[in-house]
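Reading through the structure tokens given below for one structure.
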Amino acid sequence: MTSSLGNLRDLYQQVILERYKKPRHRGKADPVSRYQKGHNPSCGDTIELTLRLNQAGDRIEEVKFEGEGCAIAMASADLMAEALTGRNVDEALQMVQRFQDMMKGGVEFPSEFRKLNVMQGVSQFPVRIKCATLTWHTLKAALEAASSEKLEEFVSNE
Ligand code: ZN
């Protein structure tokens, strides 16, 4: 782990490791409106995302995650949870696209979401991009599911 993070710019590395060690959004949403598991076979990261939506189902009130994996995957989930709390579902889906674009060298997030830009450092390491995008991929699946009926189904980003 240390060796693959060794080349990241210091700030990126610091934020990622800090989030990995002291996540702020680990746990389970209460109550759970959406639940989705995600898996990144290339690294072994797994994530269990739970969302609490408003009554109308168009706004995210709470995002929590559980899971095991590398620092990049876990830090990305924690940063995503923070950025998406209080967002409309449509806005969240646009952010999924934007994050994926950023990891392919696209533009950064505006200052309101600048914390997410620390993940851009990962885009220099193609093998780790799936670690960073796993949580976003899983979120998209959770939001697009009509209900929590797909309870036991994993999404994989392979
Ligand atoms: Zn990973």
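Count residues from 1 along the sequence. As the structure lists them, so they are numbered: ligands from 1, and atoms in each ligand from 1.
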Where at least one partner belongs to residues 64-73, residue pairs that pass side chain to side chain donor-acceptor pair (under 3.5 Å), sequence neighbours excluded: none
Total protein N/O/S atoms whose distance from the Zn ion (ligand 1) is less than 2.8 Å: 5
ring-ring contact (aromatic ring centres under 6.0 Å, His included) contacts in which one or both residues fall within residues 72-91, not counting sequence neighbours: none
Shortest non-hydrogen contact from Ala71 toward Leu17: CB-CD2, 4.1 Å
Heavy-atom pair of closest approach, residues Ser76 and Ala132: OG-O, 2.7 Å
Phe109 six-ring centre to Arg114 NZ/CZ under 6.0 Å and within 45° of normal: no
With sequence neighbours excluded, residues passing side chain to side chain contact (heavy atoms under 4.5 Å, CB included) with Val96: Gln100, Trp136, Leu139, Lys140
